[in-house]
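Okay, so here's the structure we're looking at.
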Amino acid sequence: MKLDVNALGTFYRMAREGAGLAAGRLTHMTGVETQVGVTKLNFMRGEEIRREFEDSTEKVGVRVKLTGAIEGYSMIVFERENAFRIIETLLSESGSDDAVDVDGEFDEMTQSAATEVGHIMNSGFVDGWADVLEAVIDVSTPEFVEGQSAELFFGDIEETPDDDDLALLFQSQIETVGTEIGFSHYLFPKRASMASLLDRLRTSGGIEYDKLDGFDRMAERGAEEIANTATTLTGIETSVDIRRLNFVSLEAIPQQLPDETLVGVAFEFDGMPSGYLLFLFDEESAHEIVDAMVPMAVDEDGFGEMGTSAIKELGNIMASGFLDGWANVLDTTIDHSPPEFIHDIGAAAVDPVIIQLGENQEFTFVFDTVVMADGREFDCEVYAIPDENDLERALNDLEVDRIEETPTTAEFQELDNT
């Protein structure tokens, strides 16, 4: 099974179109103005999907079976509180005086309402995909599911990925006036159906799907190197967790950043592949990092020379570990520029890179990452934005067996702090 950026781009447009139709139908059904938030394609392993379900939050899902251009299952999953919020709005819009007990059990009325909402949203997604593909996708009768166990939601679906397998999932957020309706959307396609669709959508030789799995594992190795080298060079016990690989449009990156001050570092890297690498922290996390690295008081309203130097040094360590890990596995050389310090509001922190890259490509890969240091959690977004042509060539040459066998020993460029 092979894919390329064009195929992934089509999937992305499918996700956006489907989310738009789902939002429109939710507006029509509830009378509440809605719009589509950030849309992502997530590459997640089965174990990560199960981990998302098995937290302390009760969930409600509605799933349907698909046949036609896509075969498999589509499932909408709400947190229980959000499901009841939508049901309340739906009943209020219909003029019903029935009260909804958000702490109670689902009765016949609320289960029926939740199933209707889930089915209409599933159908919106599927109709959006069918429009993009110019094909027919049939939807079965909806099935209501509730609980906390992953087994309840998709334990009996053969298409569910095994723990170590990488699955392509659509994630969209629909926003309503004054609040957000958070939900997850899962598409579990049959492998043969997905392979046939990818063959139809590809415009190049493409990348073997297993190579993309290797790319994800390369990132995990790079994350391990970030943790090891940061611990060694700073004396701070550090771990890094890359939760999933996202595929998004470049224009979506500024949209998903919070409208708050961000601190980070940016690098341009050159080799096979080439591209840009950014590490972005919220301001509070950046101050935590500086406090941990600099053994003296630092200006709380800014970062000063020492604070800036500390952030740049940590960024340099992370970039070297991340990219050297890639280079070792790919048996190539990847050099990166000195770190450029970023301290700006939201989208402005990434606009220069997005504008430059946008001249040549439309999409990028983003790693959903959390950095843990000395028992404290630092929120960190890692944006690895490779040139898409370089990436395809590099991954086609990747020997997947090398990933676990090759050591990832980073070499660090000295920073000029004068």
Taking atom types as modelled, is there a side-chain donor on S74 or N122 under 3.5 Å from an acceptor on the other? yes
According to the interplanar angle, ranging from 0 to 90°, do the rings of Y12 and F247 count as parallel (below 30°), tilted (30 to 60°) or perpendicular (above 60°)? perpendicular
Any side-chain donor paired with an acceptor under 3.5 Å for Y276 and Q356? yes
Please report the interatomic distance CG(D335) to CD(E268), rounded to the nearest 0.5 Å. 11.5 Å
For F281 and L314, work out which heavy atoms get closest and say how close. CZ-CD2, 4.4 Å
Which pair of non-hydrogen atoms, one from L250 and one from I354, has the smallest distance, and what is that distance? O-CG2, 3.8 Å
E134, CD atom: more than 12 neighbouring heavy atoms under 6.0 Å: no
Heavy-atom closest pair (G346 atom, L257 atom, distance to 0.1 Å) is O-CD1, 3.6 Å
So does D156 have more than 12 non-hydrogen atoms from other groups sitting under 6.0 Å from CG? yes
For the atom pair CG (L133) and CG (L197), what is the distance rounded to the nearest 0.5 Å? 5.5 Å
Counting the benzene-type ring for Trp, do W326 and H336 have ring centres under 6.0 Å apart? no
Take S274 and D387 through the side chain to side chain donor-acceptor pair (under 3.5 Å) test and state the conclusion after the steps. CA-CA 6 Å; S274 59; D387 176 275; 5.1 Å; no
Mind checking whether V353 and Y383 have side chains closer than 4.5 Å, heavy atoms only? no
I want to check something: taking the side chain as every heavy atom from C-beta on, are R63 and I157 in contact at a cut-off of under 4.5 Å? yes
How many angstroms lie between atom OG1 of T308 and atom CD1 of I342, to the nearest 0.5 angstrom? 12.0 Å
Judged by atom type as modelled, is there a donor-acceptor pair below 3.5 Å linking the side chain of S309 to the main-chain atoms of E305? no
Rounded to the nearest 0.5 angstrom, the CG-CG distance for D390 and D270 is 8.5 Å
So, for I137 and A130, which heavy atoms are closest and what is the spacing to 0.1 Å? CD1-N, 4.0 Å
Would you name the heavy atoms of A349 and L278 that are closest together and state the gap between them? O-CD2, 4.4 Å
For the side chain of S320 and the backbone of N316, is there at least one donor-acceptor N/O pair under 3.5 Å apart? yes
Pairwise distance OG1(T10) to CD(E17) - rounded to 0.5 angstrom: 12.5 Å
Mind checking whether F106 and F144 have ring centres under 6.0 Å apart? yes
Using the rule given for ring pair (Phe, Tyr, Trp, His ring centres under 6.0 Å), can you reason through Y186 versus Y73, listing the C-alpha separation, both sets of side-chain angles and the distance that settles it, and then say yes or no? CA-CA 8 Å; Y186 296 90; Y73 285 86; over 10 Å; no
Shortest non-hydrogen contact from F153 to M75? O-SD, 3.8 Å
Any chance you could measure F363, atom CZ, to L8, atom CG, to the nearest 0.5 Å? 8.5 Å
